[in-house]
Amino acid sequence: MKFNITSLFKIANRTIVTFSVFILTLSLLALFTGNVTQSISTMFQLGNKGLALSTIAQSFLISCTIAIEIFLIENYCKDWPTVYKAGLTFFAVILTAMIFIVIFDWFPINSILGWISFLASFLLFFTVSTFIMTIKVKKEDEEIQQLFNSYQKSKENKI
């Protein structure tokens, strides 16, 4: 695998998308639960007034890390079945998130509710994104198959 400008753009694109979804989600959570979780989580230290710059920076850092992990998995494991790649991505992202939770004290490590909430939201987002990617891949496969069929017909007509 060669790393080139296209690779950089793919990582940047994935980072921006991940970061946008993360910030949007955190903003909505802050709006509705910020005052309640303000004393529990550093992510919501401003309550429902918004997100602190430190939270935004941490969100960008985890988005970059996740984008790079996914890029590496897609390129180094491209011959693997999709299920294996999805599983590896799942564990890589969840491990990264757990490391960030501990390092940046996003919620108390001994908080069962914090871990349940994290896992539930992570599973929801992972399931939705996997579903969307599956639909996208199927659509791309259908388009490629149609192009291939057209190509075959054009070759047959020339013979």
Side-chain angles (χ1 to χ4, degrees), residues 1-33 41 43-44 50-104 106-107 113-159:
M1 178 197 85
K2 288 192 305 187
F3 187 82
N4 54 31
I5 194 72
T6 304
S7 305
L8 187 60
F9 281 125
K10 284 181 180 180
I11 292 171
N13 182 33
R14 179 136 339 187
T15 298
I16 291 167
V17 170
T18 304
F19 178 66
S20 300
V21 170
F22 202 70
I23 291 297
L24 178 62
T25 303
L26 287 179
S27 297
L28 290 171
L29 285 171
L31 180 65
F32 295 110
T33 67
S41 174
M43 295 180 95
F44 304 112
L51 300 174
L53 292 177
S54 60
T55 301
I56 294 170
Q58 292 165 19
S59 300
F60 184 72
L61 183 59
I62 195 169
S63 298
C64 290
T65 306
I66 290 169
I68 292 168
E69 288 172 349
I70 292 172
F71 175 81
L72 292 173
I73 290 168
E74 285 176 348
N75 287 281
Y76 284 109
C77 306
K78 63 175 127 188
D79 294 333
W80 289 18
T82 304
V83 173
Y84 292 169
K85 289 190 284 189
L88 182 57
T89 301
F90 177 86
F91 286 111
V93 172
I94 206 161
L95 179 63
T96 301
M98 291 170 80
I99 291 168
F100 273 70
I101 289 167
V102 171
I103 290 173
F104 296 115
W106 284 351
F107 58 82
L113 181 61
W115 286 107
I116 290 171
S117 299
F118 161 70
L119 289 173
S121 61
F122 178 79
L123 288 172
L124 175 69
F125 282 111
F126 192 82
T127 302
V128 169
S129 64
T130 302
F131 179 72
I132 291 169
M133 285 305 295
T134 302
I135 291 171
K136 180 183 175 213
V137 167
K138 283 184 180 181
K139 184 177 179 186
E140 288 172 353
D141 285 349
E142 289 172 2
E143 290 173 2
I144 290 170
Q145 187 62 44
Q146 288 175 350
L147 289 171
F148 180 70
N149 291 342
S150 296
Y151 173 75
Q152 278 185 323
K153 285 181 182 179
S154 70
K155 282 294 207 182
E156 290 172 0
N157 291 338
K158 289 182 180 180
I159 296 178

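Contact detail for L88 and C77: the closest heavy-atom pair is CD2-SG, 4.0 Å. The shortest heavy-atom contact between C64 and T15 is SG-CG2, 3.6 Å. Contact between L51 and A30 at its shortest, heavy atoms only, is CD2-CB, 4.2 Å.
Note that CZ of F148 is 12.5 Å distant from NZ of K153, once rounded to the nearest 0.5 Å. The line from CD1 of I94 to OG1 of T89 is 12.5 Å long, rounded to the nearest 0.5 Å. With rounding to the nearest 0.5 angstrom, the CG atom of L53 is 11.0 Å from the CD atom of Q58. Atom CG in L29 sits 8.5 Å away from atom CE in M43 (nearest 0.5 Å). In this structure, the separation between CD1 on I101 and OG on S41 is 9.5 Å, given to the nearest 0.5 Å. For the atom pair OG of S121 and CZ of F126, the computed distance is 13.5 Å after rounding to the nearest 0.5 Å.
The aromatic ring centroids of F60 and F22 lie 6.0 Å or more from each other. With ring centers used as reference points, F107 lies under 6.0 Å from W115.
A donor-acceptor pair under 3.5 Å is absent between the side-chain atoms of T18 and the main chain of S63, judged by distance alone. Proximity of a side-chain donor or acceptor of N13 to a complementary backbone N or O of F9 within less than 3.5 Å is not detected.
Side-chain atoms of Q145 and N149 include a donor-acceptor pair closer than 3.5 Å. Side-chain N/O atoms of T96 and E69 include a donor and acceptor closer than 3.5 Å.
In this structure, E140 pairs ionically with K136, as a charged nitrogen and a carboxylate oxygen lie closer than 4.0 Å. A salt bridge links E74 to R14: at least one charged side-chain nitrogen sits closer than 4.0 Å to a carboxylate oxygen.
For the pair L8 and I5, the minimum side-chain heavy-atom distance is below 4.5 Å. Within the 4.5 Å cutoff, side-chain heavy atoms of F19 are placed close to those of I23. Looking only at side-chain heavy atoms (C-beta outward), S7 and F71 come within less than 4.5 Å of each other. At a threshold of 4.5 Å between non-hydrogen side-chain atoms, the residues T55 and W106 do not count as touching. At a threshold of 4.5 Å between non-hydrogen side-chain atoms, the residues F44 and L26 count as touching.
Heavy-atom neighbours of I135 CD1 from other residues, nucleotides or ligands within 6.0 Å: above the threshold of 12. Around the NZ atom of K10, the shell of radius 6.0 Å holds no more than 12 heavy atoms that belong to other residues, nucleotides or ligands. In the displayed structure, F90 atom CZ is contacted under 6.0 Å by more than 12 heavy atoms of other residues, nucleotides or ligands.
Ring geometry for F100 against F104 counts as tilted: the plane angle lies between 30° and 60°, on a 0 to 90° scale.
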